[in-house]
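The structure under discussion appears below in the form of structure tokens.
Numbers restart at 1 for each chain; the letters A, B, ... are given by sequence-line order, proteins then strands.
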Amino acid sequence: MLTLHYIEKKIQLTLPQIQIMHQTIRVRFAPSPTGALHIGGVRTALFNYLLAKKHNGTFILRIEDTDQNRFVPGAEDYIIEALAWCGLHFDEGPMQGGPYGPYRQSERKHMYAQFADQLIQKGHAYYAFDTAESLEQKREEWKLKFDHSATYNALTRMEMKNSLTMSEAEVNEALLTESYTVRLKMPASEDVRFTDIIRGEVTFNTSELDDKIILKGDGMPTYHLANVVDDYLMKISHVIRGEEWLSSTAHHVLLYRFLGWEQVMPQFAHLPLILKPDGKGKLSKRDGVKLGMPVFPLSWEDPNPEDSFIGFREAGFDPDALINFLAFLGWNPGTEQEIFSMDELIQAFDLSHVSKSGARFDFDKIKWFNQQYLKNQTGEELAEKVASSIKSAGWNPSENYLAAVCFLLRDRIIVYPDIVRDGVYFFTEDFPKDTDTFKKKWNPEHKDAILGLADLIGKWETNDSTDLEHAVKDYIANSGLGLGQVLPMLRIAIAGTLKGPDLFQTMMLIGLQKCKARIQKLIDESSLLPA
RNA sequence: GGCCCGUUCGUCUAUCGGUAGGACAGCGGCCUCUCAAGCCGUAAAGGCGGGUUCGAUUCCCGCACGGGUCACCA
């Protein structure tokens, strides 16, 4: 008994994996070009990409632009650029084409009607001529009659204006003169069961489901039809999408069944949602500005400033860090490794390690990931990334110098622009000075000793910062002062602030002559300050 | 409200019935001219109630709570 149960369980566990191994994996990321692609979409794309790459499969981009009202110019370019920045490259898509194109649903418009017809022929769909007003009115009625569960379904469709309630002549007449939609005819009461890779078996009863519109008044399909038809025609093997789609999956399963495609229906995997930091609802566009953090990969400029958003790229994040962070939102490798390159993610990824519950977006965590990525780069690598912002700040350091600065700063930055913010004194004499602290620490009696130190620094010749360090420390000891009385002064003179990298390395980099001048200058200024 | 999905430290998570582990954030320490980084340490969790079992975080049922969804949007 016990062993039987055990074996049964083992078989259940290994079956999906075997299927994946021996099947050609074809997955698609299918965004709607209605604006900037937010971070949840990027994660969906990532998981699709990882599964495809892990099994030598194909990763497809399909643009779902069936809603002409919501079409936003530039959105498709944004999506493509954003995913490219993240290192997610498509094998088939609108840019590069492929054997199953076109890859924009608007360009596939002519392909959908025949399947809607097929459904009508078989009695699984029907024409509906209801106007928006009559629908709204009916919905109000149903709300009272059925206690909130108001839908266009088996219970109500016979009181509506559609090809089920009209004579053939009336229908033919209306087809020519009126705007119409095609609705899927749901069975009155039937359990629709499917297996979700992440959630296991899920069941819906058709009595709870409505007669979804599959073809709109303008001749365009809705998501439901377009999605099923395209996934079939494009031979998609796995549908990996957000959990918000779970409740309409029964409609999709029925569509596959009615179209005779159930045997080749893709496997479903519904990803847990990315939630707002407070956990109340899924993360949305506006949460970024509200909480002062990006939720988009790239900045998005909209004519309406309210709809313009800053991106992770512009905020100074590294795409590899973003990807690493996103991979861990709802997935884990089952080991204690946390830092993963894209190749390592591909190796380690497995749908069975995707969690079921929603994950809150944690800004602190992505900052930590980014910091890890920055401090593992060489000075040269960092320099390359910040060179343009250094230039636009008006500074023109040599490549070597910039790289050396980046190297010194690299352990204390979270995002790339921190180098510009924290490194001002490496590039110009015009850097902010914390004079308040200086005043607190300044003791006029030490003036001569410090001027003497400046003198020594200016004259010192060495290539070794520890050599300088010894000289300075010896001088301080000999003058009878403590390190704590002198070094903070020096730091403010040279860097303007009490924090920063090793003082002696900093001085060596800036140049000892310049440092001497900075010390003298600060002391001159301090004699002008009120005591 | 109906239906569906979920529920382990504040947060992200490990644990596939047998001492609840890691990471972020927090706190403390070491290091140090400072700030970081790093290292060490500390505090912190199985929603509730029933069952099944020698044993339940893990399996089952109920409840509670949270989320999703109920458009000619995807």
*Is the shortest side-chain N/O distance from K365(A) to OP1 or OP2 of rG22(B) below 4.0 Å?*
no
_Check the phosphate of rG67(B) against K356(A), side-chain N and O only, distance under 4.0 Å to OP1 or OP2. Yes or no?_
no
_Distance below 4.0 Å between S247(A) side-chain N/O and rC3(B) OP1 or OP2_ = no
*Out of rG21(B), rC5(B), rA71(B), which nucleotide sits closest to the side chain of R139(A)?*
rA71(B)
*Mark up nucleotides 25-34 of chain B, 5' to 3', with B wherever a protein heavy atom is under 4.0 angstrom from a base atom, S wherever such an atom reaches only the sugar-phosphate, and - elsewhere.*
S-------BB
*For RNA chain B, find the residues of residues 273-284 of chain A with a heavy-atom distance under 4.0 Å and give them by number; none if there aren't any.*
L273(A), G279(A), K280(A), G281(A), K282(A)
_Can you classify the ring geometry of W245(A) versus H252(A) as parallel (below 30°), tilted (30 to 60°) or perpendicular (above 60°)?_
tilted
*Is there a side-chain contact between T222(A) and T66(A), using heavy atoms and a 4.5 Å cut-off?*
no
_Contact under 4.0 Å: T66(A) side-chain N or O vs rA74(B) OP1/OP2_ = yes
*Let me know, please, whether I213(A) or L209(A) comes out on the 5' side of the other along RNA chain B by nearest nucleotide.*
L209(A)
*Among rG68(B), rC70(B), rU15(B), the one nearest E244(A) by side-chain distance*: rG68(B)
_Test item: side-chain donor near acceptor, H270(A) and R241(A), under 3.5 Å_ = yes
*Ignoring hydrogens and geometry, is there a side-chain-to-backbone donor-acceptor pair from N153(A) to D211(A) under 3.5 Å?*
no
